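The first residue of the sequence shown is numbered 1, and numbering continues consecutively from there. All values reported here derive from a predicted model rather than from experimental measurement.
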Amino acid sequence: MPNLVLVLCVLLMSFPLCGCGSGSTDARTDVATATPTDPTATASTGRPSVSLALNWYAEAEHGGYVAARELGFFQDAGLDVTIRPGGPGAPNLVIQELASERLEFAVSNADLVVLGRANGVPLVAVAAPLQQSPRCIVVRKDSGIERLDQLQDLELAISDSRPFALWMKKKLPLTNVTMVPYSGQVGEFLVKPKFAQQGYVFSEPFVIREAGGDATVLMLSDIGFNPYGSLLVTTEDVIRSKPELVRSMVQASVRGWQVYLQDPEPTNRRIHADNREMSLAALAYGAQTMKDLYQPEQGQPLCGMNRDRWQTLIEQIAEVGEIQITDVTAEQCFDMSFLPTEP
């Protein structure tokens, strides 16, 4: 294990706070001060107690995990799983929790896995529900902008030090584009004529439409930045010491995603109860939109991953100067051995 004090200090400096979707409660109460998982602890039922930390408030992007809990798939696998909600700052805080061994599992995105590994945290993605990145930029329909390379003469609300934003700066002209902090809300988008913001394709566009706005969605994958999303992430130490726990967690999660995308309504009611800012209509829209993002590449299992995709992502993050190309290898970032062998 790396020196954890050093790793945590590096993480605090390296990972900017960021968010997506709705909500306003600070995640530090939910994530950073949570009780560490006791490896020997069991629930009253005798099943191992496991915490899964989300990288944001519960939304459609977490639907499969919530389904696995609500529909009893974790229980069927012999686990008692608590899902801990996140919020602003949670994408980085869950990485710190994994680094300090306060967590065994978290939800994250592939770019943060690469950055974490480059900073000495032995993160491993073990399932990838979102095969295509949901990351997008939303612009006002009346702007006439239809492609990312047409972004100009506007304010862009964005987490400007995240790899996707650095990739945009490197690959796009961004003429007279002023990057401003991203709030996680859509209020400014609705009232400012020359304004755009980051988002997830299954969240912000719907929220804007519900509020009476009209948005054009520009996918970051169109310019080649396409990391896996909503990953189930653990660490090398957990894989080495508790392989059957990892297998049970992965297979129940994959089952949850299969069922959620076929019939999301029961799980969406639970998500709505936990996060009232996400309406049932927004969650239904999100689940429908995610179906295309969830489809695996030809020859890959559900929630599978491809070495070439990881290698491309590592090269992109190195190209924008966030890591050295020798800091991490693609093979270190993922492990598909725990996935179900049958679809």
Exercise. Which distance, rounded to the nearest 0.5 Å, do you find between the CG of Asp335 and the OG1 of Thr234?
Worked result: 10.0 Å

For this session: Ignoring hydrogens and angles, tell me if any N or O in the side chain of Thr216 forms a donor-acceptor pair with the backbone of Glu146 under 3.5 Å.
Result: no

Problem set entry | Distance, nearest 0.5 Å, that separates CZ of Arg247 from CD of Gln251 | 6.5 Å

For this session: Could you check Asp237 against Ile239 for side chain to side chain contact (heavy atoms under 4.5 Å, CB included), going step by step and ending with a plain yes or no?
Result: CA-CA 5 Å; Asp237 294 337; Ile239 289 173; over 6 Å; no

Exercise. Any sub-3.5 Å donor-acceptor pair from Ser221's side-chain atoms to Gly224's backbone N or O?
Worked result: no

For this session: Answer whether the closest heavy-atom distance between the side chains of Gln300 and Met336 falls below 4.5 Å.
Result: yes

Exercise. Are Leu156 and Phe195 connected in the hydrophobic side-chain network, where two residues link if heavy atoms are under 4.5 Å apart?
Worked result: yes

Exercise. Is the closest side-chain heavy-atom distance between Gln295 and Gln131 below 4.5 Å?
Worked result: no

Exercise. What do the steps show when you test Tyr260 against Asn268 for side-chain hydrogen bond (donor to acceptor under 3.5 Å, both in side chains), and what is the final call?
Worked result: CA-CA 9 Å; Tyr260 178 69; Asn268 283 346; 2.6 Å; yes

Exercise. Using 4.0 Å as the upper bound for N to carboxylate O, is an ion pair formed by Arg140 and Asp214?
Worked result: no

For this session: Report the distance from atom CZ of Phe334 to atom OG of Ser337, rounding to the nearest 0.5 Å.
Result: 10.5 Å

For this session: Write down the atom of Val94, the atom of Leu54, and the distance for their closest heavy-atom approach.
Result: CG1-O, 3.7 Å

Problem set entry | Short side-chain to backbone donor-acceptor contact, Arg47 and Val81, under 3.5 Å | no

For this session: Kindly check if the number of other-residue, nucleotide or ligand heavy atoms within 6.0 Å of NZ (Lys194) is above 12?
Result: no

Exercise. Do the side chains of Val259 and Leu130 join up, straight or via other hydrophobic residues, at under 4.5 Å, putting them in one cluster?
Worked result: no

Exercise. Can Arg269 and Glu70 be counted as an ion pair, charged N to O under 4.0 angstrom?
Worked result: no

For this session: Taking the side chain as every heavy atom from C-beta outward, state whether Pro205 and Tyr200 have any pair of such atoms under 4.5 Å apart.
Result: no

Exercise. Do Leu313 and Tyr228 come close enough that some side-chain heavy atom pair is under 4.5 Å?
Worked result: no

Exercise. Rounded to the nearest 0.5 Å, what separation is found between the CG atom of Leu172 and the CZ atom of Arg147?
Worked result: 10.5 Å

Exercise. Applying the 4.5 Å side-chain criterion to the ILVMFWY set and letting contacts propagate, would Tyr285 and Val217 be lumped into a single cluster?
Worked result: no

Seminar exercise, completed: When every non-hydrogen atom of Glu61 is compared with those of Ser230, the smallest separation belongs to O-OG, 2.9 Å

For this session: Identify the two heavy atoms, one from Ser108 and one from Val233, that lie closest to each other, and give their separation to 0.1 Å.
Result: CB-CG2, 4.0 Å

For this session: Tell me whether the guanidinium CZ or amine NZ of Arg255 lies under 6.0 angstrom from the six-membered ring centre of Phe73 and within 45° of its axis.
Result: yes

Exercise. Leu245 and Leu79: side chain to side chain contact (heavy atoms under 4.5 Å, CB included), yes or no, with the steps?
Worked result: CA-CA 8 Å; Leu245 174 69; Leu79 304 175; 3.4 Å; yes

Exercise. According to the interplanar angle, ranging from 0 to 90°, do the rings of Phe164 and Phe225 count as parallel (below 30°), tilted (30 to 60°) or perpendicular (above 60°)?
Worked result: tilted

Exercise. Does Leu293 belong to the same Ile/Leu/Val/Met/Phe/Trp/Tyr cluster as Val138, with side-chain heavy atoms less than 4.5 Å apart forming each link?
Worked result: yes

Exercise. Does the side chain of Asp80 pick up a donor-acceptor pair with the side chain of Gln75 at under 3.5 Å?
Worked result: no

Problem set entry | Cys333 side, atom SG; Leu231 side, atom CG - distance, nearest 0.5 Å | 10.0 Å

For this session: For Asp327 and Gln324, indicate whether the former's side chain and the latter's backbone hold a donor-acceptor pair under 3.5 Å.
Result: yes

For this session: List the atom of Ala67, the atom of Gly256, and the distance in Å for their closest heavy-atom pair.
Result: CB-O, 3.7 Å

For this session: Please state whether the rings of Tyr65 and Trp257 are parallel, tilted or perpendicular, taking 30° and 60° as the class boundaries.
Result: perpendicular

For this session: Check step by step if side chain to side chain contact (heavy atoms under 4.5 Å, CB included) holds for Glu265 and Asp263.
Result: CA-CA 6 Å; Glu265 185 177 354; Asp263 182 18; 4.2 Å; yes

Problem set entry | Side-chain donor or acceptor of Ser143 paired with backbone N/O of Val139 under 3.5 Å | no

For this session: Flag yes if Met219 and Phe206 sit in one hydrophobic cluster, no otherwise; membership is Ile, Leu, Val, Met, Phe, Trp, Tyr, and two members link when side-chain heavy atoms are under 4.5 Å apart.
Result: no

Problem set entry | Side chain to side chain, Thr178 and Val180, heavy atoms closer than 4.5 Å | yes

Problem set entry | Electrostatic pair Lys171-Glu319, nearest N-O below 4.0 angstrom | yes

Exercise. Below 4.0 angstrom, N of the basic side chain to O of the carboxylate: do Arg69 and Asp274 qualify?
Worked result: yes

Exercise. What are the two closest non-hydrogen atoms of Leu220 and Leu148, and how far apart are they?
Worked result: CA-CD1, 4.1 Å

Exercise. Taking Ser159 for the side chain and Arg162 for the main chain, is one N or O donor matched with an acceptor at less than 3.5 Å?
Worked result: no

Problem set entry | Glu331 atom CD, neighbour heavy-atom count above 12 within 6.0 Å | yes

Exercise. Considering only heavy atoms from C-beta outward, does the side chain of Ser51 approach that of Leu103 to under 4.5 Å?
Worked result: yes

Exercise. Quick one: CD on Glu59 to CD on Glu277, what's the gap to the nearest 0.5 Å?
Worked result: 9.0 Å

For this session: Flag the pair Val50 / Thr82 as yes when at least one side-chain heavy-atom distance between them is below 4.5 Å, and no otherwise.
Result: no

For this session: Report the C-alpha separation of Val254 and Leu339 in whole Å, then their side-chain angles, then the decisive distance to 0.1 Å, and conclude whether the side chain to side chain contact (heavy atoms under 4.5 Å, CB included) test is met.
Result: CA-CA 8 Å; Val254 173; Leu339 291 170; 3.9 Å; yes

Seminar exercise, completed: On a heavy-atom basis, the closest approach of His272 and Met278 is ND1-O, 2.8 Å

For this session: Establish, from distance only, whether the side-chain atoms of Gln262 and Gln258 form a donor-acceptor pair under 3.5 Å.
Result: no

For this session: Indicate yes or no: at least one non-hydrogen side-chain atom of Glu322 is less than 4.5 angstrom from one of Asp111.
Result: no

Problem set entry | Electrostatic pair Glu97:Arg84 at N-O distance under 4.0 angstrom | yes

